[in-house]
Student: 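Quick one: the structure is below, questions incoming.
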Amino acid sequence: MKSMVLVSLISLFLAACGTPPVVDKPEVWNQSEEYQIGVGDQIQVGVWKNPELSVNVPVRPDGKISVPLVGDLVASGHTAEELSAQVAKSLKDYIRSPQVTVIITNPASAEFLRRVRITGAVNSPQSIPHRQGMTVLDIVLLAGGATPFALQNSAQLYRKTPDGLKVYPVYLENILEKGDLETNYVLMPSDIVTIPERPF
């Protein structure tokens, strides 16, 4: 039942994104942009020489955190550096030259953004945390392999890129049966691998 729900949700997601063209080789880009705080993240705000003003708080559903003397501040959508500057500016009315540090101790909001998924004709559809170096073959094996009804060489990799959603062919049968690793792509966060079933 859970696998059917997962398949339905991913199908709706892909349908909502339209039908992007199939591209030959995956685009890889630098994902080292500064992390943006999200709802549910745990934030540590430190005010130098003022431990009574230092707090460890979650980002509430409204995207805000509460800081002593300052009150509520919008944290969601900001980087740690931006939030520390915002807190410091608000504290200037109470403290001379406040020095504020913000540390994201638990980036909980990023959990689903950093997952990879496999669905379709596999024995156990998966949604798992991304790990550096993970490949198409890794996630197929984690899913228990393809079913006997899978069109393995019609598999596809869906990837969100700065230019929009792109689709790449995955020749899974060639990977498994011939050792041809040309389409055994290294996965990136949010990638979705789909394996269709042959028509009956």
Student: Give a yes or no on whether Glu52 atom CD has more than 12 heavy-atom contacts from other residues, nucleotides or ligands under 6.0 Å away.
Tutor: yes

Student: Do other residues, nucleotides or ligands put more than 12 heavy atoms under 6.0 Å from the CD atom of Glu111?
Tutor: yes

Student: Is the closest side-chain heavy-atom distance between Leu151 and Pro199 below 4.5 Å?
Tutor: yes

Student: Is any side-chain heavy atom of Leu176 closer than 4.5 Å to one of Gln152?
Tutor: yes

Student: Kindly give the heavy-atom pair with the smallest separation between Ser190 and Lys160, and that separation in Å.
Tutor: CB-CD, 4.5 Å

Student: Side chains of Ile95 and Leu53, heavy atoms from C-beta outward: is any pair under 4.5 Å?
Tutor: yes

Student: So which atom in Val136 and which in Thr183 form the shortest heavy-atom distance, rounded to 0.1 Å?
Tutor: CG2-O, 4.1 Å

Student: Under the side chain to side chain contact (heavy atoms under 4.5 Å, CB included) rule, what do Val67 and Ile65 come out as? Steps first, then yes or no, please.
Tutor: CA-CA 7 Å; Val67 179; Ile65 61 169; 4.0 Å; yes

Student: Any donor-acceptor pair under 3.5 Å linking the side chain of Ser76 with the backbone of Gly38?
Tutor: no

Student: Do the charged groups of Asp72 and Lys64 touch, with an N to O distance under 4.0 Å?
Tutor: no

Student: Output yes when Lys178 and Asp180 qualify as a salt bridge under the 4.0 Å nitrogen-oxygen rule, no when they do not.
Tutor: no

Student: Measure from the side-chain N and O atoms of Arg117 to the backbone N and O of Ser127, and report whether any donor-acceptor pair falls under 3.5 Å.
Tutor: no

Student: Give the intermediate values and the outcome of side chain to side chain contact (heavy atoms under 4.5 Å, CB included) for residues Val170 and Ile175.
Tutor: CA-CA 9 Å; Val170 176; Ile175 295 171; 4.2 Å; yes

Student: State yes or no: do Leu181 and Leu187 share one hydrophobic cluster built from I, L, V, M, F, W and Y residues joined by side-chain heavy-atom distances below 4.5 Å, directly or via other members?
Tutor: yes

Student: Quick one: closest heavy-atom pair of Ser54 and Gly46, and the distance?
Tutor: OG-CA, 3.5 Å

Student: Would you give the length of the straight line joining atom CG of Leu73 to atom CG of Leu83, rounded to the nearest 0.5 angstrom?
Tutor: 6.5 Å

Student: Quick check: is Val140 connected to Ile128 through a chain of hydrophobic side chains (ILVMFWY, heavy atoms under 4.5 Å apart)?
Tutor: yes

Student: Ignoring hydrogens and geometry, is there a side-chain-to-backbone donor-acceptor pair from Asn123 to Gly145 under 3.5 Å?
Tutor: yes

Student: Pro98 and Ala88: which non-hydrogen atoms are nearest, and at how many Å?
Tutor: CG-O, 3.3 Å

Student: Tell me, do Ser90 and Val87 make a side-chain contact under 4.5 Å, heavy atoms counted?
Tutor: no

Student: Atom CD1 in Ile139, atom CG in Asp191: separation rounded to 0.5 Å?
Tutor: 8.5 Å

Student: Just verifying a value: how many Å separate Ile43 CD1 and Ile104 CD1, rounded to the nearest 0.5 Å?
Tutor: 5.0 Å

Student: Could you grab the distance from atom CE of Met188 to atom CG of Leu157, nearest 0.5 Å is fine?
Tutor: 10.5 Å

Student: Can you see which heavy atom on Gly77 is nearest to which on Glu82, and at what distance?
Tutor: O-OE1, 4.3 Å

Student: Out of Thr105, Asn106, Asn56, which one pairs with Gln42 under the side-chain hydrogen bond (donor to acceptor under 3.5 Å, both in side chains) rule?
Tutor: Asn56

Student: Look at the side chain of Arg198 and the backbone N and O of Ala150, then say whether any donor-acceptor pair between them is shorter than 3.5 Å.
Tutor: yes

Student: Just do the side chain to side chain contact (heavy atoms under 4.5 Å, CB included) check on Val116 and Met134 with the steps written out, would you?
Tutor: CA-CA 9 Å; Val116 291; Met134 179 183 288; 3.5 Å; yes

Student: To the nearest 0.5 Å, what is the distance between CD on Gln86 and CG on Leu91?
Tutor: 11.0 Å

Student: Ignoring hydrogens and angles, tell me if any N or O in the side chain of Asn50 forms a donor-acceptor pair with the backbone of Trp48 under 3.5 Å.
Tutor: yes

Student: Less than 4.5 Å apart, side chain to side chain, heavy atoms only: is that true for Ser109 and Tyr35?
Tutor: yes

Student: Donor-acceptor pair, distance only, cut-off 3.5 Å: does the side chain of His78 make one with the backbone of Ile37?
Tutor: no

Student: Main chain of Thr135, side chain of Asp138: is a donor-acceptor contact present, judged purely on distance under 3.5 Å?
Tutor: yes

Student: What's the shortest heavy-atom distance between Glu197 and Ala121, and which atoms?
Tutor: CG-CB, 3.5 Å

Student: Quick one: does any side-chain atom of Ser84 pair with a main-chain N or O of Val102 as donor and acceptor, under 3.5 Å?
Tutor: no

Student: I'd like to check Ile195 versus Thr147 (side-chain heavy atoms, cut-off strictly below 4.5 Å). Are they in contact?
Tutor: no

Student: Donor-acceptor check, side chain of Asn153 to backbone of Asn174, threshold 3.5 angstrom: yes or no?
Tutor: yes

Student: Same cluster or not: Tyr168 versus Val122, using hydrophobic residues (I, L, V, M, F, W, Y) connected whenever any side-chain heavy atoms lie under 4.5 Å apart?
Tutor: yes

Student: Would you check if there is a donor-acceptor pair between the side chains of Gln156 and Tyr158 at a distance under 3.5 Å?
Tutor: yes

Student: To the nearest 0.5 Å, how far apart are CD1 in Ile118 and OG1 in Thr194?
Tutor: 8.5 Å

Student: Do Gln126 and Ser124 pair up side chain to side chain, a donor and an acceptor below 3.5 Å, judged on atom types alone?
Tutor: yes

